[in-house]
2 protein chains.
Amino acid sequence: MAKKQLTQSALERLPRYYQYVRDLREKSGSESVSSAALASFVGVDDTQVRKDLALIGVKGCPRVGYKSALVQKTICRVLGFDQPYRAIIVGIGQLGGALANYGAFALYGLQIAALFDNDPRQIGRTISGYAVRSSAEIAGFVAKTGVRLAIVTVPRRAAQEVAAMLVECGIDAIWNFSHTRLEVPAHVAVRNENLGVGLAELSYHLHR
Amino acid sequence: MAKKQLTQSALERLPRYYQYVRDLREKSGSESVSSAALASFVGVDDTQVRKDLALIGVKGCPRVGYKSALVQKTICRVLGFDQPYRAIIVGIGQLGGALANYGAFALYGLQIAALFDNDPRQIGRTISGYAVRSSAEIAGFVAKTGVRLAIVTVPRRAAQEVAAMLVECGIDAIWNFSHTRLEVPAHVAVRNENLGVGLAELSYHLHR
DNA sequence: TAGATTGTTAATCGATTAACAATC
DNA sequence: TAGATTGTTAATCGATTAACAATC
């Protein structure tokens, strides 16, 4: 689909460009954007921006800049934000509940398909319009709907077991918010969202 | 305090080593850990681990490995997790509420000091033992308690204004969960927690 | 001792930045 | 045209990896 494999670092910059261009168009309706403006927002060199945009096939106009609508649309397409995809959330504690309610996911093409928990006190609750279902139903739900992404917000000690079960069910992408690293087969994409990393940076700054 | 300035990438690896060693000691009580074991967990080269540990002054024993208690304690100290620090949370929506309840922060030395919101319907609510206060009280609270870190979970359009006010109050570290980049003076540390970056990676994988 | 692991220097790799020509 | 901005090659920089000696 994409012309070239994007590097990890490019993959981290693109959503930031996307955010900037989206905001820019909403606020000022500006039709073009320069690599220098994008660079200063994201905090990289302007050459970097031009390389990234060239990589995804966006051409600019010397003297003018890049068409902002084209930049937005192309990033959207390359990252797959224009082809809505669904996710289940497994583990409806504080964090899982917050994510179920989180409106901003729509900006990135993500829809929540269902919520699961194995605590009987949670099952049957309704959050943001979704009934919480028993984890025992996950396999059937995934088989029926073809959902491929799971957001894992279970406690640390349950995470590995849950991940193994999800992979068994056919899930091939996991967004992991539990505080542990997951072992999964190579074909499954895992993104670990470790809040400790963010805290390390801030704590180090505060105590220096 | 620290012997050398840590690079950004080292600062991202250290909390992962910390997590592994903490888990290891809890589960197996193992007294030593090899650079190879740490490397395979975090997904880096073992030479990298030895360099990182040398950088923070941890010495190992050839043939044996590193003392796990020492590794844990030293990382803890270098990152400042052993000197508890407090944060206020500004913006008590879904996400702010979830963070207020989030138990895992204690593992990283973080304590929540107070919650603030400017919605009259939120003010006075009690979450996780904390009463939600009016944002108008932030300046006084910061001056009185000396809190330096603020967790910002307000909507995007309010974020820049809130950040400016916090800096004015003396806050010098911001953990930003709003979907926008903040402009702050150079002495203020900002960590942007952009969920879009995580979604970009997963979405790209799913649509490839 | 023998062998496993650390510690450190050198080599490699990739990402970032600089320079400058091409272009509208 | 003149001038601003893109596009691209070359140079630099830093991080990662390889190699191997030191050590208990």
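Lettering of chains follows the sequences in order, A, B, ..., and the numbering in each one begins at 1. Note that the coordinates shown come from a computational prediction; the quantities given were computed from them, not determined experimentally.
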| query | So what does A/Thr47 hit on the nucleic acid, given a heavy-atom distance under 4.0 Å: a base, only sugar-phosphate, or nothing? | reply |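 Base: the residue A/Thr47, judged by heavy atoms under 4.0 Å, touches a nucleobase.
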
| Across the strands shown, which category fits A/Lys51 at heavy-atom distances under 4.0 angstrom: base, sugar-phosphate, nothing? | base

| message | Need to verify one output field. Residue with the more 5' nearest nucleotide on DNA chain D, A/Gly65 or B/Gly43? | response | A/Gly65

Exceeds 12 heavy-atom contacts within 6.0 angstrom, atom [atom1] of [X]:
X: A/Gln111; atom1: CD; result: yes
X: B/Glu137; atom1: CD; result: yes
X: B/Glu161; atom1: CD; result: no

| field | Cation-pi, A/Tyr85 ring and A/Arg148 (6.0 angstrom, 45 degrees) | value |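 No cation-pi geometry.
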
| said: On DNA chain C, compare the nucleotides closest to B/Leu53 and A/Val44; which residue's is nearer the 5' end? | reply: B/Leu53

| said: Assuming nearest nucleotide by heavy-atom distance, tell me which of A/Thr7 and B/Asp46 is located more 5' along DNA chain C. | reply: B/Asp46

| query | So where does chain B start and stop touching DNA chain D, 5' to 3', when the test is distance under 4.0 Å to a non-hydrogen atom? | reply | D/dA15 to D/dC24

| request: Indicate whether the side chain of B/Ser35 and that of B/Arg50 have a donor and an acceptor atom separated by less than 3.5 Å. | output: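 Yes, a side-chain donor-acceptor pair sits under 3.5 Å.
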
| query | If pairing requires Watson-Crick or G-U wobble contacts with both distances under 3.5 Å, which nucleotide is the partner of C/dC24? | reply |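 Pairing partner, where one exists within any strand: D/dG3.
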
| With both distances kept under 3.5 Å, what pairs with D/dA11, Watson-Crick or G-U wobble? | C/dT16

| query | Taking side chain as C-beta onward, heavy atoms only, is B/Leu115 less than 4.5 Å from B/Asp117? | reply |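 Of all side-chain heavy-atom pairs linking B/Asp117 with B/Leu115, none is under 4.5 Å.
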
